[in-house]
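First the structure, in the form of structure tokens, and then the observations on it.
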Amino acid sequence: MDIMDKLKILTDAAKYDVACTSSGNDRSNDGNGLGSAVGCGICHTFAADGRCVSLLKVLMTNYCVYDCKYCVNRQSNDTRRTAFTPRELADLTIAFYRRNYIEGLFLSSGVIQNPNYTCERMIKALSILRYEYHFQGYIHAKAIPGADPKLIAQLGLLADRMSCNIELPSQESLARLAPDKTKTSILAPMALIRDKQQENKAELIRYQHAPSFAPAGQSTQMIVGASPETDYQILKLTEGLYHKYSLKRVFFSAYTPVVENPLLPALDAKPPLLREHRLYQADWLLRFYHFEADEILDPEHPTFNPLVDPKCNWALHHPELFPVEINRAPYEILLRVPGIGPRSAKRILTARRMAPLNFDGLKKIGVVLKRAQYFILCNGRTAAGLVLSQDTVIRSLLSTQGVEHMNSYLQMQPEQLSLFDPSAAQLQTLIKEGIAL
Ligand code: SF4
């Protein structure tokens, strides 16, 4: 098999990892210039300074001795298999880099022979890149669950970011759908990476030129919709992972059926994209808005409201806290207002030191008044002509687009319905009424 065939198979097999976004461009070189945007697994990530960096997203191999039911690369799946040698992968990365197609590498792998052997091959490829080619670009490497801690530690010294995918939100689902993996085998490398990073920070203070261990931190990915866990369970787990393992990001991937299996959703089931979207919104609230998972959802309300985002949903459930007087509210309360983000909350604090703010001033500051106006007062007044009542607020917040999303959502995941806990029939009535701005 030539290198281009290997590349096609191994970039295609890597596309289900959502830790970075695929470009999807398929324009090839016409022979008259330099460069090509041919679709061979280029994805993007963001550097610490906000630059968008393109990466070659590829597997070392799609051979796998494990049999995770949801995965195209599982042992029992009849698919074309191949593997890069470490040298091939390093040469290919450098060839892409020299042609300016990529600025870095996102390297994952199926488990070939055993986790240690797989990890050794990845280390070999990255060593060629770092020590032979002196490649200093961004490298994201997957930690292989079950590999020896010493190998994972070695991999971390070669990579900028590491990730260890938790994949399923509970031990029960792992046992059912990924019988070769356990919660412990996934969490152990995460804990190791966390500890190594802490040690490394201390080393770097003492020895300025000590090698860095995964300086861009670690992340993980969770599949949503392949197993029965609720949004609440997923969000609680996400919160726990941030606290316990100092993760940079938890990524969510709506399960796309690629294999037929009685334990999984049917092949024609649509991926729960709205659910994935709500999880990302809630994740944002955990990381930047000082929310706790139990404030967003709870065991009695374990699913997201499909019609409004989690922050609006929270605000609508706490009418006693609103409206907030924008010229007096502390930062923590401003952050809770839908339409006000951390940056606009800070700008409000600065601006109101000079003079009281009005609605025009808030707009200039970057507050999304379309949403915020239902929850705020400026100098004791509401926005012109606005009467605040929960009913008008709910109806105003539901856009036509939201109703369309809701319609498709009803078809995808009827069990997820909840608008302040009415029945599905009530929701259908709301939709028929065509609630719009
Ligand atoms: S370990 Fe599981 S998820 Fe990873 S490649 Fe193998 S079968 Fe797929």
Side-chain angles (χ1 to χ4, degrees), residues 6-20 22 41 43 57-84 89 105-123 125 140-148 151-152 155 159 162-190 193 218-227 229 237 250-265 267 271:
K6 284 188 183 185
L7 185 65
K8 273 187 198 147
I9 292 171
L10 294 172
T11 52
D12 191 61
K15 73 185 176 194
Y16 298 101
D17 207 311
V18 293
C20 36
S22 292
C43 66
K57 182 175 173 183
V58 71
L59 296 187
M60 196 80 212
T61 177
N62 65 342
Y63 285 106
C64 194
V65 294
Y66 289 172
D67 204 39
C68 308
K69 305 278 184 286
Y70 49 82
C71 178
V72 274
N73 302 321
R74 73 191 195 283
Q75 191 190 34
S76 58
N77 196 25
D78 183 16
T79 186
R80 278 180 89 198
R81 307 276 176 178
T82 188
F84 283 125
L89 186 84
L105 173 68
F106 178 100
L107 183 62
S108 184
S109 184
V111 181
I112 186 165
Q113 289 189 25
N114 57 54
N116 284 349
Y117 180 72
T118 312
C119 203
E120 279 167 11
R121 285 169 70 90
M122 291 171 76
I123 290 169
H140 180 147
K142 287 272 160 201
I144 306 293
D148 191 285
L151 293 173
I152 294 189
L155 198 61
M162 293 194 76
S163 54
C164 189
N165 284 354
I166 196 155
E167 304 290 20
L168 295 166
S170 72
Q171 175 57 46
E172 297 74 50
S173 295
L174 275 174
R176 217 158 36 88
L177 298 174
D180 305 295
K181 294 178 180 170
T182 60
K183 204 169 145 192
T184 322
S185 72
I186 295 168
L187 295 181
M190 269 190 203
I193 295 167
Q218 62 168 326
S219 58
T220 192
Q221 167 183 294
M222 231 183 289
I223 301 171
V224 178
S227 52
E229 288 80 12
L237 176 62
V250 176
F251 291 93
F252 306 99
S253 172
Y255 175 66
T256 310
V258 284
V259 289
E260 200 149 5
N261 189 301
L263 297 173
L264 289 166
L267 270 182

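Remember, predicted model here, so these are calculated numbers, not experimental data. Excluded from the calculations below are hydrogen atoms, water molecules and symmetry mates; all remaining heavy atoms, backbone and side chain alike, are included. We count ligands from 1, going down the list as the structure has it; atoms in each ligand are counted the same way.
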Review point. Do E229 and S173 have side-chain atoms, one donor and one acceptor, less than 3.5 Å apart?
Key: yes
Practice item. Please report the shortest heavy-atom distance between A83 and R121, naming the atom on each side. Key: CB-NH2, 4.1 Å
Study note, to complete from the structure: R81 and N73 have their tightest heavy-atom pair at NH1-O, 2.7 Å
Review point. Do the side chain of T220 and the main chain of I166 share a donor and acceptor less than 3.5 angstrom apart?
Key: yes
Revision key, fill the gap. Within a distance under 2.8 Å of atom 2 (Fe) of ligand 1, the protein atoms of type N, O or S are C68 SG
Point to revise | Any side-chain heavy-atom pair of S76 and K69 under 4.5 Å | key: no
Point to revise | Atom pair NZ/OG1 of K57 and T11 - distance to nearest 0.5 Å | key: 10.0 Å
